[in-house]
Amino acid sequence: MTDTQTVASMRPATTQDVADILMDAAHNRTPLVVRGNGTRAGLGNPVAATQVLELGGLDQIDFYDPDDLVIRAGVGVTLESVEQILAQKGQYLPFEPPRYAGLYGTDGARCTLGGAVSTALSGPRRILTGAVRDFVLGVEGVNGQGDVFKAGGRTMKNVTGYDISKLVTGANGTLAALTSVTIKVLPAPRAEVTLVLPAATLAEDVALFGQMRALPLGIGGLARRVNVAGACELLVRVEGTVPGVAGNQQVLAGLLAPRGGMVVLEQEASHALWAGVRELECLNTRPDELVWRVNLPATTMPAFVEQARSAGCINRFFVDWAGGVVFSTMRGVQPEVDTLRYRKMAEQAGARATILRAPQDVLVRFGAFPPVSAGVATLGARTRAAFDPAGILNPGRMTVQA
């Protein structure tokens, strides 16, 4: 039975509750689906378990120090709640975590901070501020034997030996059930504008992205998408102080003048546009389509996309992170053929192709995550065995089970 067919759910309220549950599960070798509020249960491979450990009940703010730019909260605190608290002090989560509620048909308001850390998903601002793991200062959690542990702290310079906080970030609940996380936050930009201009060829657009990124212009988003009118366009987000944004916008206007047709969106309009980019709205995904995320060098992106389109492996796509990530849809008429072919193309381009959404049989057969080398697989298995010797925490979530 998989995590889409689970029959029993446990929703602990304290770290000790989690420890008791995991100690009992380890003793009985009972596999568990470990999740927050289940809003992104479609991400990763199906888990073979009939019981759910739902951590959404751990929803207390432990502390928030605006002066030190740090917050510690239970993993069940929603992203919406955290962002509202930070906004009151003019601060924000720099990694701009996506919800993907539209992709999985869930309620984005229930997405949790712990889910953002466990999946390590970063939004369009990553090219300016960094990824999720760059802002995880510390964690508290319970391993697969029911042992409570703490790692990291309240500052960036407190780690000796193994950085467990970084290790469990992006582990998708396969190493430990996190109970609280400590996050570094940043002052939110006072001003924001987005420049929208017509796209050219992929190669020309990537070259332009490179030119812009080489300049200190506070660019917090570079994407290429197809808009609702069917036209392909570039999106350039500029953030910072009011005078800084005005000056950088002027520099960019001169650089982009040869393209013509530029439109400027300010503040709320810009904010709304990038929220849509973050949530993959421009892909306009259909229920029968596989959804892919491919991380790759920007220099190889144009050739990869053109090859995949010629082979019929892409229905629609858009480019984020200045060409460093491609999101695409695949109709999946022949998933066995197209999935393997698409992954092979990605491998040849030096890329990693992850399936964000697919029918369960496709995920079971091919895996949501791309294959890794034998050495990496061995190291991963040893790490999981050290944290979870009974194999009860989200078994199979990140690896296809034999």
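Side chains of Thr39 and Thr106: no donor on one and acceptor on the other come within 3.5 Å. Side-chain contact annotation: Tyr64 with Gln88, donor-acceptor N/O pair under 3.5 Å absent. For the 3.5 Å distance criterion, the side chains of Thr30 and Gln51 fail to qualify, holding no donor opposite an acceptor. With no hydrogens or angles considered, a side-chain donor-acceptor pair links Asn295 and Arg293 at under 3.5 Å. Inspection of the Asn37 and Glu54 side chains reveals no N or O donor paired with an N or O acceptor under 3.5 Å. Counting only N and O atoms by type, the side chains of Ser81 and Gln84 include no donor and acceptor under 3.5 Å apart.
Using a 4.0 Å cut-off between charged nitrogen and carboxylate oxygen, Arg341 and Asp338 count as a salt-bridge pair. A salt bridge is defined here as a Lys NZ or Arg NE, NH1 or NH2 lying under 4.0 Å from an Asp or Glu carboxylate O, and Arg278 with Glu96 fails to meet this definition. Between Glu347 and Arg352, none of the side-chain N atoms (NZ, or NE/NH1/NH2) sits under 4.0 Å from a carboxylate O, so this pair counts as no salt bridge. The pair Arg316-Glu281 does not meet the salt-bridge criterion, since no charged nitrogen lies less than 4.0 angstrom from a carboxylate oxygen.
Scanning both residues, Asn172 and Asn394, for their nearest heavy atoms gives O-ND2, 2.8 Å. Shown here for Arg40 and Pro98, the closest heavy-atom pair between the two residues is NH1-O, 2.9 Å.
The shortest side-chain heavy-atom distance between Asn45 and Val364 does not fall under the 4.5 Å cut-off. Counting only heavy atoms from C-beta outward, the side chains of Leu55 and Arg35 never approach each other to under 4.5 Å. Tyr100 has its side chain out of reach of Cys111: every pair of non-hydrogen atoms, C-beta onward, lies at least 4.5 Å apart. Between Thr194 and Trp274, some side-chain heavy-atom pair lies under the 4.5 Å cut-off. Looking at Val52 and Met10, their side chains never come closer than 4.5 Å, going by heavy atoms from C-beta outward. Residues Ile219 and Leu128 have side chains not in contact (no heavy-atom distance under 4.5 Å, counting atoms from C-beta outward). Side-chain contact between Pro395 and Val47 is present, with at least one heavy-atom pair separated by less than 4.5 Å. Proximity of Leu175 to Arg384: side-chain heavy atoms (C-beta onward) are separated by under 4.5 Å at one or more points.
Judged as a ring-ring contact (aromatic ring centres under 6.0 Å, His included), the pairs with a partner in residues 275-301 (not counting sequence neighbours) are, in order, Trp292-Tyr342. Among residues at least two apart or in separate chains, there is no ring-ring contact (aromatic ring centres under 6.0 Å, His included) pair with a member in residues 192-224.
To the nearest 0.5 Å, the span separating CZ on Arg397 from CG on Leu43 amounts to 7.5 Å. Once rounded to the nearest 0.5 Å, the distance linking OG1 of Thr299 with CG of Leu296 reads 8.0 Å.
With respect to Arg99, the salt bridge (Lys or Arg N to Asp or Glu O under 4.0 Å) criterion is satisfied by exactly one of Glu279, Glu80, Glu83: Glu83. Here the rule is side-chain contact (heavy atoms from CB on, under 4.5 Å) with Ile183, and of Leu137, Val136, Val82 only Val136 fits it.
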